[in-house]
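FYI, the numbering just counts along the sequence from 1. The analysis underlying the following values was restricted to heavy atoms, covering all of them including side chains, and did not include hydrogens, waters or symmetry mates.
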Amino acid sequence: MLNGYGSTILDGAWLTLGLALSSMAVAIVLGLLGAAFRLSPRRGLALLGETYATVIRGIPDLVLILLIFYGGQEMVNRVAPLLGYEDYIDINPFVAGVFTLGFIFGAYLSETFRGAFMAIPKGQAEAGAAYGMSGGQVFFRILVPQMIRFAIPGFTNNWLVLTKATALVSLIGLQDMMFKAKSAADATREPFTFFLAVAALYLVLTTVSLLGLRLLEKRYSTGVKAAEL
């Protein structure tokens with residue numbers, strides 16, 4: 001059916017999954033930092049977090065990917081000679097894609113995490129402190145579990161969008177399943193067949209993701225209800 005290109009596209013699918021998971025890990029870290037900045041009582045940090053979220057969310061993903069990949073590579077090669085490194089530095093497309101998508105979706109997740117933290121009653125942290133918990137214990141034992149519960153719906157939406165956005169990274173030379181499907185389509189002149197197969201793989205990935213995140217949401221909701229009882 002796929003003229004012998006099935007295994008090639010599956011290899012690209014694994015690369016796409018690795019790209020999505022790695023990008024989301026970076027996005028979670030940046031999202032938490034962005035949320036911490038926006039909730040900070042220090043005006044400078046709050047302004048920095050708000051600027052990051054506003055600017056990045058206001059620029060199309062494709063423009064940012066091309067800007068960061070090509071602009072970042074040019075910047076690295078201009079700075080390298082100043083540090084004594086004369087050879088040309090070619091940035092790996094996978095690394096560039098991971099940090100570019102992570103940087104973009106970190107801005108979206110910062111809003112998600114910020115709203116989730118704000119949804120937690122302030123008395124929760126005060127109660128933890130009254131029991132003698134340290135700031136770290138209050139954060140990880142009281143705030144984070146409840147934040148996850150509130151953040152999962154928004155997180156799910158961002159994960160699905162990020163998964164689809166991985167297709168854009170094929171434009172910078174990463175041989176993900178979209179790149180390999182296009183190569184196969186050009187070779188066989190059957191674009192509908194290969195792009196339909198890729199669409200089915202994306203649908204499988206999003207379906208499995210939804211099922212997993214639904215179980216996670218159920219787990220944390222059950223935990224909160226049990227605590228309330």
Side chain proximity check, L21 to W159, heavy atoms < 4.5 angstrom: yes
Pair Y108 + F155: ring centers closer than 6.0 Å: no
Contact summary for S22 and F94, nearest pair of heavy atoms: OG-CZ, 4.1 Å
F179-L171 co-clustered via ILVMFWY side chain contacts under 4.5 Å: no
Contact summary for L45 and F37, nearest pair of heavy atoms: O-CB, 3.3 Å
Pairwise distance CD1(I91) to CD(E74) - rounded to 0.5 angstrom: 11.0 Å
Main-chain N/O of I120 paired with Q124 side-chain donor or acceptor, under 3.5 Å: no
Joint hydrophobic cluster, I104 plus V161, side-chain heavy atoms closer than 4.5 Å: yes
Shared hydrophobic cluster, V138 / F113 (ILVMFWY, side-chain heavy atoms < 4.5 Å): yes
Any donor-acceptor N/O pair, N157 side chain to P153 backbone, under 3.5 Å: no
Minimal non-hydrogen separation, F194 against T188, with atom names: CE1-OG1, 3.0 Å
Electrostatic pair E126:K122 at N-O distance under 4.0 angstrom: no
Transitive ILVMFWY side-chain link L213 to L215, under 4.5 Å: no
Point-to-point distance, once rounded to the nearest 0.5 Å, from OG of S40 to CG of L47: 11.5 Å
Y52 side chain near L30 side chain, heavy-atom distance below 4.5 Å: yes
Residues V169, M178; criterion side-chain contact (heavy atoms from CB on, under 4.5 Å); working and verdict: CA-CA 9 Å; V169 183; M178 194 65 191; over 6 Å; no
Verdict with reasoning, R114 to L32, per side-chain contact (heavy atoms from CB on, under 4.5 Å): CA-CA 8 Å; R114 172 177 170 268; L32 288 172; over 6 Å; no
Chi angles and distances behind the side-chain contact (heavy atoms from CB on, under 4.5 Å) call for F103, V26: CA-CA 7 Å; F103 185 71; V26 174; over 6 Å; no
Distance (rounded to the nearest 0.5 Å) between L211 CG and L216 CG: 12.5 Å
Residue pair W14, L17: steps toward the side-chain contact (heavy atoms from CB on, under 4.5 Å) verdict: CA-CA 5 Å; W14 284 112; L17 179 60; 3.9 Å; yes
S170 side-chain N/O to A167 backbone N/O, donor-acceptor pair under 3.5 Å: yes
Over 12 non-hydrogen atoms of neighbours within 6.0 angstrom of CZ in R57: yes
Polar side-chain atom of T100 near backbone of G97 as donor-acceptor pair, under 3.5 Å: no
Beyond-backbone contact of M118 with L39, side-chain heavy atoms, under 4.5 angstrom: yes
Residue F99 excluded, over 12 heavy atoms near CZ under 6.0 Å: no
Heavy-atom donor-acceptor pair, Q137 side chain to S134 backbone, under 3.5 Å: yes
No-hydrogen, no-angle side-chain donor-acceptor test under 3.5 Å, Y88 and Q73: yes
Gap separating the OG atom of S110 from the CD1 atom of I56, nearest 0.5 angstrom: 10.0 Å
Approximate separation, where rounding is to 0.5 Å, of I148 CD1 and E217 CD: 12.0 Å
Heavy-atom closest pair, residues Y202 and T163: CE2-O, 3.4 Å
Closest non-hydrogen atom pair, I142 against G128: CD1-CA, 3.6 Å
Check: F69 and L67 side chains under 4.5 Å, non-hydrogen atoms: no
Cluster check I59, L109: I/L/V/M/F/W/Y, side chain < 4.5 angstrom: yes
T166 to T16 - nearest heavy-atom pair and separation: OG1-CG2, 3.4 Å
Side-chain donor or acceptor of S23 paired with backbone N/O of A20 under 3.5 Å: no
Qualifying salt bridge (Lys or Arg N to Asp or Glu O under 4.0 Å) pairs, either residue in residues 160-188, two or more places apart: K182-D186
